[in-house]
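The figures here come from the full heavy-atom set of this structure, side chains too, leaving out hydrogens, waters and symmetry mates. Letters A, B, ... are given to chains in the order of the sequence lines, protein chains preceding strands, and every chain is numbered from 1.
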Amino acid sequence: MDIRFWGVRGSIPSPGKNTVKYGGNTACVELRFRDPQRIIIIDAGSGIRELGDHLLIHERDRGPVEADLFFTHTHIDHIIGFPFFAPLYIRGTKLRIYGPATYDEDSLEKVIGSQMSYHYFPVRLVEAAAEMVYHDLKEGHFELGDGIEVTARYLNHPLLCLGYRFEHQGRIVCTVYDTEPFRNLFAEASGSSGSDDRTADEGQIVADRENSRLEEFFAGADLLIYDAQYLQKEYESSRLGWGHSTVEYAIAAARRACVKRLILFHHDPGRTDAEMDALTSVYCRSDPSGGPEILFAREGMQIEV
Amino acid sequence: MIGDRTVLSEKGLTFYDKSDRVALFFVGNTEKRKNAIVMDIALGCVSMTDKLILGFISRMPGFSPTVTKVFEVCNRPETSSHDLNKVISLDPVLTGRVMKLVNSAYYSLGKEVTSLIHAIILLGLNTVKNLALSTAVLESIGGMNSFRSLSMDDFWVHSLGVGVLARSFARQTGIPVTEQEEYFVAGLLHDLGKIPLNHCYPEKYNGALEAVATSRVSLHEAEKMVFGFDHCAVGGLIAEKWRLHRNFSDVCRYHHDLERGGSVNRHFVNIVSLANCYANHWNIGSAGDAPPKAAVMEHLQKMVGLDPARIAAIRENVLEDIENARIFLQVATEG
């Protein structure tokens with residue numbers, strides 16, 4: 001598998017002189033399979049615009065674009081590039097679109113398509129020329145054909161959000177963003193109930209169990225792309241419950257799960273290139289104890305697994 | 001043979017057994033329908049195909065006593081997880097919907113989620129909060145005369161009472177702490193099947209309630225007479241549609257059926273059935289049931305392994321829990 005990062009930023013596109021090196025586009029990751037040739041795209045953040053242009057300009061000889069597009073969830077930074085994915089407007093393009101189902105009656109197609117309506121965008125989704133087939137996903141395991149297997153697993157985010165585990169010819173690539181470590185929401189006493197201790201105990205058991213279960217999900221991955229929007233001190237000061245992890249937690253979790261290579265992803269929009277370089281020098285040194293290779297994701301970065 | 005004597009009156013069709021007790025009763029049926037009904041029952045063909053009920057189940061709203069509090073808790077900028085847990089745990093429909101979401105979305109979990117605490121941590125406060133609000137904005141059950149035959153408030157107190165009792169019995173019988181909440185949820189949900197019957201067919205349901213008051217039949221028997229099926233069947237259907245844990249669907253379906261064995265977790269169902277008996281025996285709210293039969297209570301006590309003295313000791317605590325719940329909700333109503 002060849003992985004290429006077209007967008008690595010979280011929350012909102014953040015162009016400017018301070019993000020030139022690591023990039024300001026929001027989440028979009030391309031997984032390329034060689035034998036047979038298949039393209040999987042994960043998320044349609046603003047980075048997907050350049051991916052679309054690349055496919056049309058540099059790979060025109062291959063014929064119409066055919067790809068499997070996986071949405072981790074439908075928060076705006078993960079869908080904002082979708083209307084700007086040029087192959088949408090080319091007849092012959094085939095997209096199989098996957099994403100998490102939620103509790104309401106709105107389908108994935110409706111949620112993603114809602115930004116392509118009169119108030120937000122001049123072209124409606126129904127006017128796109130591409131052939132699109134939607135698949136609402138829940139937790140589970142399925143095959144994409146050509147020996148590609150996918151496992152979907154719910155993460156901890158303020159919207160139902162899926163992590164994906166792609167397996168092909170013994171190689172494993174996992175995406176675990178946007179997510180925050182499960183935590184005991186009942187740890188603090190409510191001050192009004194005599195059952196607080198029991199509730200807190202159960203809450204702790206549940207949170208520990210879910211964190212372990214998530215680590216099992218990406219255990220042994222050759223490449224793990226993990227949410228690392230914050231530093232631990234930032235997270236603890238005011239960002240609990242926002243649905244993102246920390247650099248420190250991502251590294252510890254990857255170590256516990258014996259991951260071979262960890263890509264820290266979904267950078268905070270305010271994180272400058274200088275800060276990222278400084279963090280790289282602290283966290284990305286080679287680990288003599290055999291821990292994972294650690295890299296901060298950078299726009300345009302290509303990795304072979 | 002369904003009955004030894006059949007009477008067709010203006011109200012409907014009644015079958016009496018050998019002791020001249022009402023065996024089956026159908027409201028508003030004509031002579032023309034009689035043979036078809038008899039044939040259906042004889043062939044066991046009575047099935048839940050009622051479109052009104054099925055439609056109602058798919059968009060079942062929350063309870064009026066809790067809806068105001070749901071809005072208050074969920075519209076705060078910083079929703080308290082404790083308050084969210086508490087307000088959901090006081091509403092059978094909302095509890096059922098959260099369980100439905102967690103178990104339908106997370107179908108690959110090795111073990112299904114049966115506790116609200118687990119569900120809230122897994123789904124996250126934001127998702128649960130929005131689910132609660134989406135349920136609350138539907139016309140609430142009990143508001144706008146939608147809870148027409150049973151008293152909404154009495155039904156709510158009964159459901160809560162059975163939940164609290166079931167959890168207490170679980171504790172008394174040595175069920176581990178982490179599993180006790182499941183008994184509360186089961187008690188809260190056990191009469192879910194009465195909600196669509198009462199909402200969709202208030203007049204017919206009144207007929208069933210009157211039959212309980214005037215004859216010696218139990219409510220689920222009277223429901224069978226009126227509808228051809230009872231709240232247990234409807235509750236089982238809801239549990240199935242909402243993909244609730246097997247223990248919950250068994251409780252909904254079999255809490256009046258003490259004979260059913262097979263794959264049913266009988267001990268679990270027995271505890272909730274006994275809690276139901278005591279809620280009725282002590283008049284904790286009312287869901288239209290007749291007073292429990294002594295023989296049934298004795299049988300369940302024996303099966304569960306609790307004696308009446310131990311059970312009597314928790315009565316005050318149960319009443320206190322219900323009063324606290326009422327105060328919690330009234331704070332929202334008044335404030």
Side-chain angles (χ1 to χ4, degrees), chain A residues 73 75 100-106 136-142 151-162 178-211 213-214 216-217 240-243, chain B residues 58-59 78-86 89 97-98 100-111 113-135 164 167 171 176-182 184 242-243 317 320-321 324-325 327-328 331:
Chain A
H73 63 307
H75 274 160
T102 183
Y103 62 82
D104 52 32
E105 289 165 10
D106 291 340
D136 286 17
L137 293 184
K138 296 175 178 177
E139 280 209 342
H141 178 89
F142 57 101
T151 308
R153 164 79 171 89
Y154 275 105
L155 307 175
N156 186 26
H157 198 59
L159 171 68
L160 292 180
C161 176
L162 287 170
D178 297 356
T179 196
E180 175 177 355
F182 289 94
R183 64 192 174 93
N184 182 4
L185 298 170
F186 301 92
E188 289 171 21
S190 69
S192 61
S193 166
S195 62
D196 279 356
D197 288 346
R198 197 185 62 223
T199 307
D201 289 349
E202 187 183 346
Q204 195 56 51
I205 291 169
V206 168
D208 291 345
R209 191 190 302 153
E210 291 305 323
N211 284 324
R213 209 169 76 84
L214 185 57
E216 286 166 21
F217 168 71
L240 261 67
W242 290 18
Chain B
S58 69
R59 285 179 65 80
E78 294 283 330
T79 297
S80 149
S81 48
H82 286 279
D83 284 352
L84 188 64
N85 178 35
K86 201 186 286 182
S89 72
R97 287 199 64 185
V98 172
K100 174 194 176 192
L101 173 61
V102 78
N103 286 316
S104 58
Y106 291 75
Y107 65 83
S108 74
L109 284 176
K111 188 172 183 292
V113 176
T114 54
S115 119
L116 264 181
I117 292 164
H118 194 162
I120 291 171
I121 289 177
L122 205 51
L123 294 169
L125 283 181
N126 199 47
T127 292
V128 176
K129 194 169 84 170
N130 280 282
L131 171 67
L133 283 172
S134 76
T135 304
V164 173
R167 182 169 56 200
R171 195 177 305 144
V177 173
T178 51
E179 292 171 29
Q180 288 169 13
E181 209 56 28
E182 192 175 332
F184 171 81
W242 288 2
R243 297 193 197 182
N317 287 342
E320 196 180 325
D321 277 356
N324 285 340
I327 291 166
F328 174 73
V331 170

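From B:Glu181, atom CD reaches atom CD of A:Glu202 across 6.5 Å, with rounding to the nearest 0.5 Å. Put simply, CG on B:Leu122 and CD on A:Glu210 are 4.5 Å apart, with the number rounded to the nearest 0.5 Å.
Applying the side chain to side chain donor-acceptor pair (under 3.5 Å) criterion to B:Asn324, with sequence neighbours excluded, gives no partner residue. Checked against salt bridge (charged side-chain N to carboxylate O under 4.0 Å, His left out), A:Glu180 has the following partners two or more places apart in sequence or in another chain: A:Arg183.
Between A:Leu159 and B:Thr127, the closest heavy-atom pair is CA-OG1, 3.9 Å. Between A:Phe182 and B:Ile121, the shortest heavy-atom contact is CD2-O, 3.6 Å.
B:Ile120 touches chain A through backbone and side chain together, each having a heavy atom under 4.5 Å away. For a residue to count as touching a neighbouring chain, one of its non-hydrogen atoms must lie under 4.5 Å from one of that chain's; by this rule A:Leu137 does not touch chain B.
Between chain B and the residues A:Asn156, A:Thr151, A:Leu185, the most heavy-atom pairs under 4.5 angstrom are made by A:Leu185.
A side-chain donor-acceptor contact under 3.5 Å links B:His82 to the backbone of A:Glu188.
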